[in-house]
Amino acid sequence: MGIYDTLNAQQKKAVLQTDGPVLILAGAGSGKTRVLTHRVAYLIDECNVNPWNIMAITFTNKAAGEMRERVDKIVGFGAESIWVSTFHSSCVRILRRYADRLGYGNNFTIYDTDDSKSLMKDICKKYQLETTTLKLRGIMGSISKCKDNLVTTNEYALNTQNDFNKVRISKAYTEYQNALKKNNAMDFDDLIFNTVELFKKNPDVLEYYQDRFRYIMVDEYQDTNNAQFEFIRLLADKYRNLCVVGDDDQSIYRFRGANIRNILDFEKVYPDATVIKLEQNYRSTQQILDAANAVIGNNYGRKEKALWTEEKDGEKVHLRQFDTAYDEAEFIASDIGKLKRSGKLSYSDTAVLYRTNAQSRLIEERFVHEGIPYDIVGGTNFYSRREIKDLLAYLKTIDNGRDDIAVKRIINVPKRGIGATTLEYVQNYADERQISFFDALCEADQIMAVSRSASKLKDFVTMIRAFRTKQKSYSLEELLKDVIDITGYMDFLKTLDDDDDSGDNDRAANVDELISKIAAYEESDEVEEPTLSGFLEEVALVADIDRIGEDNEKVLLMTLHSAKGLEFEHVYLAGMEENVFPSYMTLQTEDSDPEGIEEERRLAYVGITRAKRNLTLTAAKRRMVRGETWFNQLSRFVKEIPGEYLDREKPEFDKPAFLFDDGDSIDEYEGVEDTYGTSGRYSDEDDSYRSSGRYGNGDSYGKSGGYSGIGVKSSYQNKNFGSDNGASQLSNSYKIKAKPAPKKPRAVPQSKPYIATAAKTHVKGSLAGISKGMPMKTAKPEYETGDRVSHIKYGIGTVTSLEEGPRDYKVTVNFDDCGQKIMYAAFAKLKKM
DNA sequence: AAAGCAAGCTTTTTT
DNA sequence: AGCTTGCTTT
């Protein structure tokens with residue numbers, strides 16, 4: 001049977017067990033994607049299952065894409081009719097057909113986290129729901145939890161037991177859902193929740209999909225939440241051919257509602273389940289696996305398993321500890337550079353992983369310095385960047401006036417002299433009449449209270465209507481460029497970050513990328529009828545990880561979370577320090593939530609097992625976090641790795657981090673009694689601190705204005721500190737934190753010049769170089785810098801610069817009447833005088 | 001009534 | 001460091 005012979009015994013068992021519930025516990029790197037794809041092939045080729053009856057759910061679009069590709073290769077025929085998609089996109093697909101059964105329009109829009117937040121903000125304001133203890137974040141969190149657990153607004157309302165906060169949350173939940181419905185919108189959680197609701201209330205719909213998906217496979221099952229579980233359970237209920245694949249040791253999304261019990265209790269829900277463990281690892285060396293096993297072994301309540309490999313040759317795991325995060329970043333960059341030069345490393349097979357997005361900046365700077373090409377995953381998702389959201393909000397407004405959030409976002413962007421008060425009146429008018437915000441704007445004349453601003457509102461409406469008219473004859477790309485041009489959006493961006501121009505460049509480049517993206521969408525073969533709504537939908541569900549291409553010769557920088565499911569020859573885990581990883585937040589809540597630390601450990605496990613051959617752990621003794629200097633001890637996860645698996649350059653690494661070595665650039669360090677018998681402060685002669693932050697006046701830190709760095713134990717109180725100093729609350733002797741003194745920040749040696757260059761080649765978070773098939777370019781305009789030109793709206797001016805963009809020329813004109821404007825040449829339709 | 005500026009507060013992770 | 005909020009200015 002050919003292709004199945006390459007599988008090991010356990011893998012083969014997993015492939016051949018096609019019927020009934022199956023739980024595959026697949027350790028990291030144990031070839032689970034291979035198993036899944038072979039299983040699909042087996043179902044089709046050997047069991048005569050119609051591809052149409054197979055559904056495979058993955059976590060990210062990228063994973064879905066990869067699975068689809070591999071299935072296509074191995075199946076050959078009919079592969080395209082298999083549903084391979086994420087939970088969210090599956091649900092969208094179903095809801096697009098049946099949302100009307102729930103009282104939504106089938107063309108509902110999808111709100112991202114930002115959109116939901118602004119909607120909720122309005123609601124909280126309207127009903128005065130926020131208190132000192134109950135903030136927006138908490139309300140949103142509670143509601144999200146409700147949806148994850150399939151608790152409806154009514155059910156929640158019945159269970160408030162007159163608890164003060166619960167009553168408020170209940171009100172917020174109810175109003176929020178009402179508002180969503182009115183806006184014909186759903187948030188991420190709703191997509192799953194509503195699909196389950198749809199299935200429960202409409203047996204005919206459920207049965208249709210049950211009959212359709214006779215064989216269901218779910219990847220990354222350990223990260224499903226209760227609603228997702230219910231979605232799957234309902235679908236699989238008729239034929240019970242449900243195969244879930246996961247690894248409880250890699251469950252890292254609890255904060256998002258993932259319920260590790262879904263995988264741990266699978267056998268309780270399906271007592272007849274076949275359980276198969278895949279423990280042979282085909283990815284990493286024994287040394288790396290030993291380290292991973294040693295770390296994860298400290299967790300309780302896991303399904304016992306031990307990864308092993310036949311790959312015995314390998315280096316030890318490298319450990320390097322540095323004085324500062326700068327040194328750490330410098331090492332990573334230079335080490336990668338060195339290995340690359342000696343031919344031992346390829347950029348595309350190398351990743352730097354860290355706990356928080358904020359850690360990327362320093363590393364990024366050093367990469368630029370060393371000339372190492374890189375790409376950053378995550379941070380602010382391309383589609384959550386301000387400039388992109390603004391432009392998309394214009395497109396949404398043009399597409400569908402019912403989306404109040406989009407309209408409000410852009411009504412005064414760029415500034416049109418329409419302020420908060422005016423908007424409030426308009427909103428009240430809309431509320432009274434139960435009409436949309438945009439419809440209210442159309443009747444601005446009727447709203448007495450805004451009579452003074454009525455003309456501005458009318459101008460806005462007229463502009464949007466003009467776009468709608470143009471939409472009929474324009475391509476999407478033309479429409480977007482026209483929006484940018486008419487609104488003077490590039491101009492507005494210029495005013496945004498005037499302190500330094502690098503951010504500005506990024507933003508402009510991101511706008512270029514959006515144009516490329518919309519053009520690529522229009523020209524894509526996969527879309528038969530490109531529409532504005534289609535584009536907006538496609539864009540709504542992309543995760544940042546989805547855009548990584550394989551072929552790029554670039555080092556990837558990303559969080560540990562983003563790295564799940566990926567593998568690299570060389571992996572650097574940066575910031576292996578207490579309070580960084582495990583995170584400060586987790587350690588703070590350790591008593592009330594002991595499971596937090598277990599999840600962090602799983603995250604460490606995920607990180608370590610990303611490496612195939614070469615793993616380097618790095619840590620810094622001190623680093624700047626949100627304007628404070630933190631002194632952290634080496635991460636407990638490093639200490640959990642037995643010394644014999646480690647190659648460490650500094651044998652004294654595990655002494656308390658704040659005992660500085662002789663070479664350290666600290667002039668004075670006084671010991672004070674505490675857990676470690678020390679703590680101290682620095683003299684202010686020391687200039688090695690690149691502190692910044694707003695500590696404009698040193699009074700609260702003591703007269704000396706000196707540096708107060710302390711090692712703290714729970715009972716330690718330092719009177720020189722403001723009472724809000726987090727240090728006094730620290731309960732674990734690992735934690736050492738200090739505040740910087742007012743000090744002239746030492747010029748950071750890298751900085752601007754090459755950051756600016758970097759923006760051109762590696763646009764952070766943009767799609768630079770990723771969208772394929774950039775089509776033909778607009779011809780060079782007839783005019784040049786210095787020429788006098790005329791514009792239909794702005795009149796006559798002088799061209800001050802003509803810059804070549806990826807798809808079009810960007811022309812800057814200094815108009816005699818309205819000053820400088822930046823626009824796209826193809827759209828400005830400038831006439832040379 | 002809107003825009004501009006300074007102070008204050010914060011997030012760890014994301015479909 | 002970045003974003004929101006509140007206050008002052010126009």
Side-chain angles (χ1 to χ4, degrees), chain A residues 57-64 85-92 110 112-114 117-118 121 135-138 140-141 144 148 187-192 220 223-225 227-228 251-258 353-359 361-362 377-381 383-384 386 412 414-425 449-450 452-453 456 495 497-499 503 540-546 558-564 575 579-589 596 599-600 602-603 606-607 624-628 690-697 724 726 745:
Chain A
I57 302 262
T58 62
F59 205 59
T60 62
N61 291 307
K62 180 174 156 56
S85 60
T86 63
F87 276 104
H88 290 89
S89 39
S90 301
C91 289
V92 169
I110 301 165
D112 68 16
T113 321
D114 266 10
K117 212 167 123 189
S118 37
K121 216 179 234 166
K135 285 170 292 176
L136 186 76
R137 202 183 150 71
M140 305 262 310
S144 178
D148 284 350
D187 67 18
F188 284 141
D189 298 324
D190 283 334
L191 296 176
I192 317 285
E220 306 284 12
D223 287 321
T224 50
N225 64 30
Q228 289 164 336
S251 166
I252 55 172
Y253 282 106
R254 196 179 57 126
F255 71 92
R256 203 175 64 192
L353 311 181
Y354 35 77
R355 180 67 236 274
T356 62
N357 283 306
Q359 287 168 256
R361 180 148 292 158
L362 287 178
V377 181
T380 341
N381 182 328
Y383 290 105
S384 352
R386 175 190 190 150
N412 199 29
K415 297 245 189 301
R416 302 188 173 93
I418 303 170
T421 322
T422 306
L423 297 183
E424 210 169 293
Y425 287 127
V450 298
R452 277 205 291 157
S453 317
K456 293 171 188 164
T495 65
D497 323 83
D498 38 15
D499 41 326
L541 288 175
V542 293
D544 210 44
I545 193 83
D546 298 337
M558 67 186 113
T559 62
L560 290 151
H561 283 88
S562 302
K564 197 180 64 161
N579 292 318
V580 175
F581 186 31
S583 77
Y584 177 70
M585 221 49 179
T586 311
L587 294 178
Q588 283 294 287
T589 54
E599 176 139 319
E600 295 277 313
R602 292 194 288 270
L603 199 49
V606 167
M624 189 75 87
V625 180
R626 286 202 302 269
E628 293 176 328
R690 298 152 201 185
S691 316
S692 66
R694 272 185 350 278
Y695 297 98
N697 114 27
D724 62 329

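We name chains A, B, ... by the order of the sequence lines, and we start the count at 1 in each one.
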Item to complete: Select base, sugar-phosphate, or nothing to describe what A:Thr422 touches, counting heavy atoms under 4.0 Å on all strands.
Response: sugar-phosphate
Discussion item. side-chain contact (heavy atoms from CB on, under 4.5 Å) for A:Lys135 and A:Met140? Distances and angles first, verdict last.
Written reply: CA-CA 9 Å; A:Lys135 285 170 292 176; A:Met140 305 262 310; over 6 Å; no
Item to complete: List the steps and the verdict of side-chain hydrogen bond (donor to acceptor under 3.5 Å, both in side chains) for A:Glu424 and A:Thr421.
Response: CA-CA 5 Å; A:Glu424 210 169 293; A:Thr421 322; over 6 Å; no
Item to complete: Give the rounded distance in Å between these two atoms: OH of A:Tyr584 and P of B:dT10.
Response: 12 Å
Expected rows: protein N/O vs nucleotides 3-6 of chain B N/O, under 3.5 Å:
| from | atom 1 | to | atom 2 | distance (Å) |
| --- | --- | --- | --- | --- |
| B:dA3 | OP1 | A:Gly417 | N | 3.4 |
| B:dA3 | OP2 | A:Asn412 | ND2 | 3.4 |

Practice prompt. Consider the side chain of A:Lys121, meaning its heavy atoms from C-beta on, and name the nucleotide among B:dT11, C:dT5, C:dG2 that approaches it most closely.
Written response: C:dT5
Worksheet item: Taking C-beta and beyond as the side chain, do A:Thr559 and A:Tyr354 meet within less than 4.5 Å on heavy atoms?
Response: yes
Fill in: Length of the line joining A:Arg254:CZ and B:dT15:P, which is rounded to integer Å
19 Å
Practice prompt. Verify, without hydrogens or angle tests, whether A:Asn412 (side chain) and A:Ile418 (backbone) share a donor-acceptor contact under 3.5 angstrom.
Written response: yes
Worksheet item: Looking at B:dT12, B:dT10, B:dA1, which one has an atom nearest to any side-chain atom of A:Lys135?
Response: B:dT10
Item to complete: Look at the side chain of A:Asn579 and the backbone N and O of A:Ser583, then say whether any donor-acceptor pair between them is shorter than 3.5 Å.
Response: no
Practice prompt. Check whether any side-chain heavy atom of A:Ser89 lies under 4.5 Å from a side-chain heavy atom of A:Asn61, and answer yes or no.
Written response: yes
Worksheet item: Quick one: are A:Val625 and A:Tyr584 in side-chain contact, heavy atoms under 4.5 Å?
Response: no
Worksheet item: Can you check the A:Arg137 CZ to B:dC9 P distance for me, whole Å?
Response: 17 Å
Item to complete: Have a look at A:Ala358 and say if it touches a base, only the backbone sugar-phosphate, or nothing, with a 4.0 Å heavy-atom cut-off.
Response: nothing
Discussion item. Counting C-beta onward and ignoring hydrogens, is there a side-chain heavy-atom pair between A:Leu353 and A:Met558 closer than 4.5 Å?
Written reply: yes
Worksheet item: B:dT15, B:dT12, B:dT13: which one has an atom nearest the side-chain heavy atoms of A:Asn357?
Response: B:dT13
Practice prompt. Look at all strands and tell whether A:Phe581 reaches a base, only sugar-phosphate, or nothing, counting heavy atoms closer than 4.0 Å.
Written response: nothing
Worksheet item: Rounding to a whole Å, what distance do you find between A:Arg361:CZ and C:dA1:C1'?
Response: 8 Å
Practice prompt. Could you check how far OH of A:Tyr354 sits from P of B:dT11, rounded to whole Å?
Written response: 20 Å
Item to complete: Go through B:dT15, C:dA1, B:dT14 for me and flag the one nearest to the A:Ser562 side chain.
Response: B:dT14
Worksheet item: Taking CG from A:Leu136 and P from B:dT10, how many angstroms apart are they, rounded to a whole number?
Response: 13 Å
Worksheet entry | Min side-chain heavy-atom separation A:Asp223-A:Ser251 under 4.5 Å | yes
Practice prompt. Name the nucleic acid region contacted by A:Glu600, choosing base, sugar-phosphate or nothing; use a 4.0 angstrom heavy-atom cut-off, strictly under.
Written response: base
Item to complete: Measure from the ring centre of A:Phe255 to the centre of the six-membered ring in the base of B:dT13, then say whether that distance is under 5.5 Å and the planes meet at under 30°.
Response: yes
Practice prompt. Between A:Thr586 and A:Phe188, just flag the one whose closest nucleotide in DNA chain B comes earlier from the 5' side.
Written response: A:Thr586
Worksheet item: With sugar-phosphate meaning primed atoms plus P, OP1 and OP2, does A:Phe59 contact a base, only sugar-phosphate, or nothing at under 4.0 Å between heavy atoms?
Response: sugar-phosphate
Worksheet item: Roughly how many Å is it from CG in A:Asp148 to C1' in B:dT15, rounded to a whole number?
Response: 11 Å
Discussion item. From CD1 of A:Ile192 over to C1' of B:dT15, roughly how many Å is that when rounded to an integer?
Written reply: 8 Å
Discussion item. On DNA chain B, compare the nucleotides closest to A:Lys456 and A:Glu599; which residue's is nearer the 5' end?
Written reply: A:Lys456
Worksheet item: Side chains of A:Lys564 and A:Thr60: closer than 4.5 Å at any heavy-atom pair?
Response: no
Worksheet item: Heavy atoms under 4.0 Å, any strand shown: does A:Thr356 hit a base, just sugar-phosphate, or nothing?
Response: sugar-phosphate
Fill in: Pairing residues for A:His561 by the ring pair (Phe, Tyr, Trp, His ring centres under 6.0 Å) criterion, not counting sequence neighbours
A:Tyr253, A:Phe255
Worksheet item: Given Watson-Crick or G-U pairs with both distances under 3.5 Å, what dot-bracket string fits DNA chain B, with | for other-strand pairs and [ ] for crossing?
Response: ||||||||||.....
Item to complete: From the options B:dT15, B:dA1, B:dT14, select the nucleotide whose nearest atom is closest to the side chain of A:Tyr253.
Response: B:dT14
